Amino acid sequence: MSLSFKRTYKFAIKSASYITLFGVGFVGILSHYIFHPNQDHLTVFLIVFAFSLYIFSFLVIQYRVEVFIYRRVKKIYDDVSFLEASTLISQPITTDMATLTREVKKFATDKKMEIETLKIREEYRREFLGNVSHELKTPLFTVQGYILTLLDGAMNDKTLRKKYLQRAEKGVERLVYIVQDLDMISKLEMGDLNLSFDKFNIVQVTQSVFDLLEMKSERKNIILSFDNKYSKPIMVCGDREKIQQVLTNLIVNAIKYGRENGFVEVGFDILTNGKVIVRVKDNGEGIEKQHIPRLFERFYRVDKSGARTEGGSGLGLSIVKHIIEAHNGKIHVQSQINVGSEFSFTLEKAE
Ligand code: ADP
């Protein structure tokens, strides 16, 4: 490693001055009393002596200090470069203590920040793993339970066999949903979304989501409709498939947490700033105020009890938020317990 010094001479200058002062004083007084010299000769002698002593002590001190500090500083640099202190080793080694202190301080602060980030990431990873295994456990044990019961003899009973296989199939279906959501959230969180922007009619996309969810809504006798008649297309700019996923998640939630014989209404407003607001409204169970700020967190659920009859992976709304934010849009919730909820998001209007 080629090393260059940043020199500071202050220390050597001061030390050489003290030595010269003392040396000249001492020699001057001594010569005065012992040799009784001529005053002019003594002055010339002292000037020459002072000059030589000053230069000599300055050079010796500067050299010795540099060697001394250099060795120790180099050791510090070597130690921190062992920790891959790229910021430090890329700079010349210094014997200037102020700079060194600043550099080491900066190095320590950078390392501290790096450690904090790693800690947060580790915490996130641990929490994520815990949540994933918790989500997978319930359906997995359900499927395992039915299969074991079938193997233990229930498969000989024709009606039980069908019933248990159907239940096991439901569990597998739920596992598939969870894995699909996990796959989506990990892609979203890695910024791996690969949006393909297009112009499309949001009214038409909503209608196809209604068609896909018709059976689901009929089971609870919930009517899916528009709040108005949208005879003209409303063209927006975005990734059609991802926006369809957003609408699906919101409408599925509106059905899941909606009341029997209720309704889900979708509406659109065209704003003057070139945006379109899409609103998904239901008259279901609603959400208490204290839960609203955390609703879009991964795995966050209002009803955490096992008594939950409805519910997916707890990732639906965080997926929605990620997709909308990747479109530079905003998502908003208004809800009143036992009255209903309205989720709305913005999209860019296409000409
Ligand atoms: P989940 O898979 O549990 O539905 P989501 O992320 O989609 O997860 O939703 C998070 C929570 O938000 C749900 O558990 C539910 O309590 C609440 N929630 C979402 N949408 C609605 C809604 N339309 N009405 C009432 N509560 C809702």
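Each ligand, and each atom within it, is numbered from 1 in the order the structure gives. None of the values given here were measured: they were computed from a predicted structure.
- Taking each of I319, V320, N253 in turn, the one with a heavy atom nearest to atom 19 (C) of ligand 1 proves to be N253.
- Distances from ligand 1 to the non-hydrogen atoms of K256 include at least one value under 4.0 Å.
- Under 4.0 angstrom from ligand 1, the non-hydrogen atoms of I287 all belong to its side chain.
- The distance from ligand 1 to the heavy atoms of L317 drops below 4.0 Å at these ligand atoms: 5 (P), 6 (O), 7 (O), 9 (O), 10 (C), 12 (O), 19 (C).
- Below 3.5 Å of separation, one finds no N or O of S318 facing any N or O of ligand 1.
- A salt bridge links R301 with E135: the closest approach of a Lys/Arg side-chain nitrogen to an acidic carboxylate oxygen falls below 4.0 angstrom.
- The ligand atoms of ligand 1 that sit less than 4.0 angstrom from a heavy atom of G314 are 1 (P), 2 (O), 3 (O), 6 (O), 8 (O).
- The option from V264, V302, I255 that lies nearest to atom 16 (O) of ligand 1, judged by heavy atoms, is V302.
- Less than 4.0 angstrom separates some heavy atom of G316 from each of these atoms of ligand 1: 5 (P), 6 (O), 7 (O).
- The backbone of Y300, and not its side chain, has at least one atom closer than 4.0 Å to an atom of ligand 1 (non-hydrogen atoms only; backbone = N, CA, C, O).
- Across every non-hydrogen atom of A326 and L195, the tightest pair is O-CD1, 3.5 Å.
- Shortest non-hydrogen contact noted between I61 and A12 is CG2-CA, 3.8 Å.
- Judged by the shortest distance from any of its heavy atoms, F296 lies outside the 4.0 Å radius around the atoms of ligand 1.
- With a 4.0 Å cut-off on non-hydrogen atoms, L250 does not touch ligand 1 at all.
- Below 30°, between 30° and 60°, or above 60°: for Y164 and Y146 the angle between ring planes is between 30° and 60°, a tilted geometry.
- The closest approach between a heavy atom of G284 and any atom of ligand 1 is not below 4.0 Å.
- Taking a 6.0 Å sphere around CZ of F226, one finds it holds more than 12 heavy atoms contributed by other residues, nucleotides or ligands.
- Checked by atom type, the side-chain pair S196/D198 shows no donor-acceptor distance below 3.5 Å.
- Less than 6.0 angstrom separates the ring centroid of H327 from the ring centroid of F197.
- Considering every non-hydrogen atom in both E297 and S318, the closest pair reads C-CB, 4.1 Å.
- Against a heavy-atom cut-off of under 4.0 Å, R301 is close to the following atoms of ligand 1: 3 (O), 14 (O).
- Every N/O-N/O distance between L295 and ligand 1 stays at or above 3.5 Å.
- A cation-pi contact links R72 to F68, judged by a cut-off of 6.0 Å to the six-membered ring centre and 45° from its axis.
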